[in-house]
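This structure is a prediction, so every number in the text was calculated from the model and none was measured.
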Amino acid sequence: MTDQELMRAAIHLAREKMLAGAGGPFGAIIALDGVVVAQGWNRVTSSNDPTAHAEIVCIRNACAALQTFDLTGYELFVNCEPCPMCLAAAYWARLKRIVYGADHNDAAAIGFADAFIYSELALDKDSRSLQMQQVMPQEARDGLRLWLDLEQKILY
């Protein structure tokens, strides 16, 4: 399939699932060389999961289908530019490329404003509206260091 056909599929999926009451107006497709390997749609309200964005659901579905956490070489097609959480997930999944239709301004125009999160991330931790407090850092670091000695660890 071409980029346009894959985008059309993501747009159609978003509309279909939104109208069926599955969640918000977002759909995602993961493909390799034009072949669809997974799809996902926004399920935030239908699953009571604030992380169930279309891209996250799609990445989870692709990883389950392919039995891997590494999607190197795969491409994500979404009907709207990913939010910061979904963008980070795409990096963690090592996707090759993201192709999107509408942008974050279009999402903001219908009430999905990601600008607040982007502005919060640019602030020092002490200045963010979500309070953060560090407790027992040395003990936590000691636990993390055990990872270095683990012989059967899988790096990701």
Side-chain angles (χ1 to χ4, degrees), residues 1-125 127-132 140 144 147 150 152-156:
M1 297 175 76
T2 66
D3 285 0
Q4 291 77 14
E5 291 170 323
L6 290 163
M7 180 57 67
R8 192 170 292 114
I11 291 168
H12 175 76
L13 180 65
R15 286 181 183 168
E16 175 188 8
K17 298 302 181 178
M18 175 190 59
L19 293 174
F26 306 103
I29 302 282
I30 288 180
L32 179 65
D33 298 327
V35 176
V36 174
V37 297
Q39 62 181 12
W41 54 91
N42 183 284
R43 300 188 67 239
V44 170
T45 57
S46 62
S47 67
N48 296 314
D49 179 354
T51 69
H53 290 200
E55 299 92 331
I56 301 291
V57 172
C58 192
I59 289 169
R60 289 174 181 162
N61 290 343
C63 290
L66 299 167
Q67 294 294 291
T68 184
F69 58 83
D70 185 349
L71 300 178
T72 297
Y74 290 81
E75 299 175 317
L76 175 65
F77 292 80
V78 289
N79 67 312
C80 190
E81 182 180 3
C83 75
M85 176 184 68
C86 294
L87 182 59
Y91 276 102
W92 278 111
R94 299 184 181 119
L95 291 167
K96 173 183 175 182
R97 179 170 76 129
I98 298 173
V99 180
Y100 63 92
D103 68 17
H104 68 276
N105 295 310
D106 299 313
I110 62 166
F112 293 90
D114 301 331
F116 170 73
I117 297 172
Y118 281 112
S119 65
E120 285 279 303
L121 292 174
L123 298 173
D124 291 331
K125 289 181 228 172
S127 300
R128 295 178 185 161
S129 63
L130 179 60
Q131 295 178 12
M132 295 180 69
L144 290 175
W147 173 258
L150 214 76
Q152 295 182 345
K153 64 181 167 257
I154 299 173
L155 297 176
Y156 61 94

side-chain contact (heavy atoms from CB on, under 4.5 Å) between Leu155 and Trp147, worked out:
CA-CA 10 Å; Leu155 297 176; Trp147 173 258; 4.0 Å; yes
I would like to know whether Phe26 and His53 meet side-chain contact (heavy atoms from CB on, under 4.5 Å); could you show each step before the answer?
CA-CA 8 Å; Phe26 306 103; His53 290 200; over 6 Å; no
So does [X] have more than 12 non-hydrogen atoms from other groups sitting under 6.0 Å from [atom1]?
X      : atom1 : value
Arg15  : CZ    : no
Asp33  : CG    : no
Tyr100 : OH    : no
Lys125 : NZ    : no

When you check the side-chain N and O atoms of Asp70 and Thr72, is any donor under 3.5 Å from an acceptor?
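There is such a pair (donor and acceptor under 3.5 Å, judged by atom type) between the side chains of Asp70 and Thr72.
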Atom pair [atom1] ([X]) and [atom2] ([Y]), whose distance is rounded to the nearest 0.5 Å:
X      : Y      : atom1 : atom2 : answer
Leu123 : Tyr118 : CG    : OH    : 15.0 Å
Ile30  : Arg60  : CD1   : CZ    : 12.0 Å
Gln4   : Ile11  : CD    : CD1   : 10.5 Å
Arg8   : Phe77  : CZ    : CZ    : 12.5 Å
Asn42  : Cys86  : CG    : SG    : 8.5 Å
Ile29  : Glu5   : CD1   : CD    : 12.0 Å

Which atom pair, heavy atoms only, marks the closest approach of [X] to [Y]?
X     : Y     : answer
Leu13 : Gly27 : CD2-CA, 4.5 Å
Glu55 : Pro82 : OE2-CA, 3.4 Å
Val57 : Trp41 : CG2-O, 3.9 Å
Thr51 : Asp49 : OG1-OD1, 2.6 Å
Pro25 : Asn79 : O-ND2, 2.9 Å
Ala38 : Cys58 : O-SG, 3.6 Å

Just by modelled atom types, is the Arg97 backbone N or O under 3.5 Å from a matching donor or acceptor in the Glu75 side chain?
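Here the side-chain-to-backbone pair does not exist.
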Ser47 (side chain) donor-acceptor with Arg43 (main chain) under 3.5 angstrom
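Answer holds: yes.
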In terms of the angle between their ring planes, are Tyr156 and Trp92 parallel, tilted or perpendicular, with boundaries placed at 30° and 60°?
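It falls in the tilted class, 30° to 60°.
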For the side-chain contact (heavy atoms from CB on, under 4.5 Å) test, which of Ile59, Asn61, Leu66 pairs with Cys63?
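Checked Ile59, Asn61, Leu66 against Cys63; only one passes side-chain contact (heavy atoms from CB on, under 4.5 Å): Ile59.
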Cys80 vs Phe112, side-chain contact (heavy atoms from CB on, under 4.5 Å): CA-CA, chis, key distance, verdict
CA-CA 11 Å; Cys80 190; Phe112 293 90; over 6 Å; no
Should Arg128 and Glu120 be marked as a salt bridge (charged side-chain N to carboxylate O under 4.0 Å, His left out) after you check the CA-CA gap, both sets of side-chain angles, and the distance that decides it?
CA-CA 6 Å; Arg128 295 178 185 161; Glu120 285 279 303; 5.5 Å; no
